[in-house]
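Whatever order the structure lists them in is the order used to number ligands and atoms, beginning at 1. Below, all heavy atoms of this structure are taken into account, side chains as well, without hydrogens, waters or symmetry copies. Positions are given from 1 along the sequence.
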Amino acid sequence: MTNSVSISTCDLCDAHKGDDSGSFRVLPPVFQCYGAVTAFHGPVSTVKCFEDNTLVKAAVERPGQGRVLVVDGGASLRRALVGGNLAASAARNGWAGIVVNGCVRDMAELAAEPLGIRALALMPLPTEKRGEGLAEVAVQIQGVWVRPGDWLYADADGVVVSSLPLQA
Ligand SMILES: O=C([O-])CC(=O)C(=O)O
């Protein structure tokens, strides 16, 4: 499922720039855009894992219901946590997007998927699936806390996260 209503992260930042409550957060500008969808948003689900994408695969094989999967891969640049197969599963199962604090691979396949995909970089090496990791826990993405049930908004300008759903 892709979100037809696009919400500008710049507009959100204009409206919330004085919010020091911690509810409104902006991710550091280190993410590259790989999916066919640039702007996406939805409630957050999380996976925390390190060079093992067992739980990422399990998540995207379940119904996404318009959610955004935030994967904290510890910023490892050594293995790809999402490739063409997982991205295709995510799109087919109705995820709005995937944000990976780590690497992805299969650039051409990712670019064809109707899904938002953000990651730090491309890396052709896959992971070892050892069954390790945690699902639906609070994660720290580039120093910013992201929790299951937060709302994430991404567009060409950046990625913001909020405890509450935000209006366009
Ligand atoms: O299966 C993996 O580990 C990642 C991958 O290459 C894919 O999703 O196609």
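- Atoms of ligand 1 found under 4.0 Å from any heavy atom of N53, numbered from 1 in the order shown, are 2 (C), 3 (O), 4 (C).
- Residue D106 has at least one heavy-atom neighbour below 4.0 Å for each of these atoms of ligand 1: 6 (O), 9 (O).
- Looking from atom 8 (O) of ligand 1 to the surrounding protein, the closest heavy atom is L86 N, 2.8 Å.
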side-chain contact (heavy atoms from CB on, under 4.5 Å) evaluation trace for V47 with L134: CA-CA 6 Å; V47 166; L134 297 168; over 6 Å; no
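- Judged purely by distance below 3.5 Å, without hydrogens or angles, the side chains of T9 and D155 pair a donor atom with an acceptor atom.
- Between the side chain of D150 and the backbone N or O of R147, at least one donor-acceptor pair lies under 3.5 Å.
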Step by step, would you call S45 with E136 a side-chain hydrogen bond (donor to acceptor under 3.5 Å, both in side chains)? CA-CA 6 Å; S45 279; E136 305 299 0; 2.9 Å; yes
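- Scanning all protein heavy atoms for the shortest distance to atom 1 (O) of ligand 1 gives K129 NZ, 3.3 Å.
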What's the verdict on side-chain hydrogen bond (donor to acceptor under 3.5 Å, both in side chains) for N101 and Q142, showing C-alpha distance, side-chain angles and the deciding distance? CA-CA 7 Å; N101 187 30; Q142 300 288 319; 2.8 Å; yes
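- By the criterion of a heavy-atom distance under 4.0 Å, the side chain of R105, and not its backbone, is placed next to ligand 1.
- Side-chain polar atoms of S76 and E51 form a donor-acceptor pair below 3.5 angstrom.
- Residue-ligand proximity, G83 to ligand 1, at heavy-atom distances under 4.0 Å covers atoms 4 (C), 5 (C), 6 (O), 7 (C), 8 (O), 9 (O).
- Considering only non-hydrogen protein atoms, atom 9 (O) of ligand 1 sits nearest to N85 N, 2.8 Å.
- By the 4.0 Å heavy-atom criterion, A80 is excluded from the residues contacting ligand 1.
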